[in-house]
**Q** 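Attaching a single structure in structure tokens format; questions to follow.
Below, each value reflects all heavy atoms present in this structure, side chains not excepted, and no hydrogens, waters or symmetry copies. No experiment lies behind these values; they were computed from the predicted model shown. Index from 1, following the sequence.
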Amino acid sequence: MTLRLSPSLDVAALHRAFEARRRLHIPGVLDLDSAEAVVAAMEAFDGWKVSVSAGGEFFELPLSGRVAAEPGKQGWIDQARVDGAEPRMQYIFDTRRLDLEPEDAPRDAVSEVLDFLNGPDFLAFVRGVTGDDRIDFADAQATRYRPGHVLTGHDDGAEGKNRLYAYVLNLTRGWRADWGGVLAFEGADGHIEEGFAPAFNALNIFAVPMRHAVTQVASFAPRDRLSITGWLRSHQAV
């Protein structure tokens, strides 16, 4: 299908709001049919990989449903733990890397997302919101955070990657903030300055570098936190 932005977006107003803090939560970013199609595809997908960089362990393993595709590897996942004393970024979550999918892989609405994000309409939209014409392209991965999954504090700075802005296209239905999974921005005083809870059909966008984390999804969360995430990047050094 052809994914589309919502026709009701007011780019000028969104730009003014973005300028205030260099980050913004934009509800209703896709037209409803597009959002529903992508969510349905994410919920039906059974080719996730769990990605772990935590507690000195680094691996990415294919899943069958919610367990390791290779039964002998499930222990790796069960034992993965974040080291709370480690200052470097750590994470545990499920991923579908859209820019690495083979050309002959079965297509679904999620497969269309990378082309949509790099199409003229979306690039013009994010250039308008940020006021930054340096944005040349977007990379993307689909992510699924299940209970216990987390992404610790970091600022997305990466030499040579030419990252201008990070984005999270939220595709989670009926989430409550006390289930965790909140995109939390840390202030200079160590307190949480602002937090965006998972939502359905909403875009979070923020300047790089900016320190943030995804808080751990609670053990009692009854559903998964689904999103498309990545960076808006330049072909030129920034």
Side-chain angles (χ1 to χ4, degrees), residues 1-5 29-31 33-54 57-78 80 89-123 125-126 135-146 149 151 156 158-172 198 201 203-205 208 214 223-235:
M1 69 172 296
T2 301
L3 302 179
R4 296 183 176 88
L5 291 167
V29 67
L30 302 178
D31 75 17
D33 287 345
S34 297
E36 292 284 1
V38 177
V39 172
M42 292 186 77
E43 292 173 341
F45 184 66
D46 192 32
W48 295 97
K49 296 180 179 180
V50 62
S51 187
V52 173
S53 175
E57 300 293 332
F58 307 89
F59 59 84
E60 194 162 287
L61 294 175
L63 297 173
S64 176
R66 304 171 77 85
V67 299
E70 299 178 58
K73 299 290 179 65
Q74 182 59 38
W76 294 20
I77 301 172
D78 294 340
M89 178 184 69
Q90 299 174 78
Y91 54 81
I92 305 171
F93 59 81
D94 299 337
T95 183
R96 176 181 176 183
R97 300 187 186 280
L98 303 184
D99 47 358
L100 297 179
E101 290 195 318
E103 293 184 5
D104 60 350
R107 303 286 291 179
D108 62 11
V110 178
S111 308
E112 308 298 325
V113 169
L114 186 62
D115 288 340
F116 165 74
L117 295 174
N118 285 282
D121 291 346
F122 184 79
L123 290 178
F125 171 68
V126 291
I135 298 171
D136 291 320
F137 69 102
D139 55 23
Q141 65 174 320
T143 66
R144 181 177 71 173
Y145 283 68
R146 295 181 279 129
H149 287 182
L151 172 63
D156 279 345
E159 187 174 354
K161 295 291 188 179
N162 302 334
R163 295 171 177 171
L164 299 169
Y165 305 91
Y167 72 88
V168 182
L169 176 57
N170 289 266
L171 295 162
T172 307
N201 190 23
L203 182 71
N204 299 330
I205 184 170
V208 174
V214 175
R223 58 179 60 95
D224 301 326
R225 177 192 189 272
L226 302 174
S227 65
I228 308 290
T229 68
W231 294 275
L232 306 172
R233 297 166 58 186
S234 174
H235 289 308

**Q** Quick check for you: to the nearest 0.5 Å, what is the distance between Leu123 atom CG and Asn118 atom CG?
**A** 6.0 Å
**Q** Side chains of Leu63 and Arg144: does their closest heavy-atom pair fall under 4.5 Å?
**A** yes
**Q** Please give me the minimum heavy-atom distance between Arg97 and Ser51, naming the atom from each residue.
**A** NH2-OG, 3.5 Å
**Q** Looking at CD1 of Ile135 and OH of Tyr167, how far apart are the two atoms once the value is rounded to the nearest 0.5 Å?
**A** 11.5 Å
**Q** Between Phe125 and Leu203, is any pair of side-chain heavy atoms under 4.5 Å apart?
**A** yes
**Q** Please identify each residue that fulfils ring-ring contact (aromatic ring centres under 6.0 Å, His included) with Phe116, with sequence neighbours left out.
**A** Phe122
**Q** Between Asp139 and Lys161 (salt bridge meaning N to carboxylate O under 4.0 Å), is one present in this structure?
**A** no
**Q** If we check side chain to side chain contact (heavy atoms under 4.5 Å, CB included) with Ile205, which of these qualifies: Val29, Val126, Leu169, Val168?
**A** Val126
**Q** What closest approach, in Å, do Ser227 and Met42 show between heavy atoms, and which atom pair accounts for it?
**A** O-CE, 3.5 Å
**Q** How would you list, by chain and number, every residue that makes a side chain to side chain contact (heavy atoms under 4.5 Å, CB included) with Asp33, sequence neighbours excluded?
**A** Asp31
**Q** What I'd like to find out is whether the side chain of Arg146 reaches to under 4.5 Å of the side chain of Trp48, using heavy atoms alone.
**A** no
**Q** Is the number of heavy atoms from other residues, nucleotides or ligands within 6.0 Å of CD (Glu43) greater than 12?
**A** yes
**Q** Fit a plane to each ring of Tyr145 and His149, take the angle between them on a 0 to 90° scale, and name the class: parallel (under 30°), tilted (30 to 60°) or perpendicular (over 60°).
**A** perpendicular
**Q** Is any side-chain heavy atom of Thr229 less than 4.5 Å from a side-chain heavy atom of Gln141?
**A** yes
**Q** I need the Leu30 CG to Asn201 CG distance, nearest 0.5 Å.
**A** 4.5 Å
**Q** Which heavy atom of Asp156 sits nearest to which heavy atom of Arg163, and what is that distance?
**A** O-NH1, 3.0 Å
**Q** Could you check if a side-chain atom of Ile77 sits within less than 4.5 angstrom of a side-chain atom of Lys73, using non-hydrogen atoms only?
**A** no
**Q** What's the shortest heavy-atom distance between Phe59 and Trp76, and which atoms?
**A** CZ-O, 3.6 Å
**Q** Kindly compute the distance separating CG (Leu226) from OG1 (Thr143), expressed to the nearest 0.5 Å.
**A** 7.5 Å
**Q** Are His235 and Asn162 packed together at the side-chain level, in the sense that at least one heavy-atom pair is separated by less than 4.5 angstrom?
**A** no
**Q** What is the minimum heavy-atom distance between Ala80 and Val52, and which atoms define it?
**A** CB-CG1, 4.0 Å
**Q** Which value, rounded to the nearest 0.5 Å, describes the distance between Thr2 atom OG1 and Asp115 atom CG?
**A** 10.5 Å
**Q** Tell me the closest heavy-atom pair linking Asn204 and Asn170, and the distance in Å.
**A** ND2-ND2, 3.1 Å
**Q** First locate atom NZ of Lys49, then atom CG of Leu100, and finally report the distance between them rounded to the nearest 0.5 Å.
**A** 8.0 Å
**Q** Test of understanding: with salt bridge (Lys or Arg N to Asp or Glu O under 4.0 Å), list the residues that count as partners of Arg96, not counting sequence neighbours.
**A** Glu101, Asp108
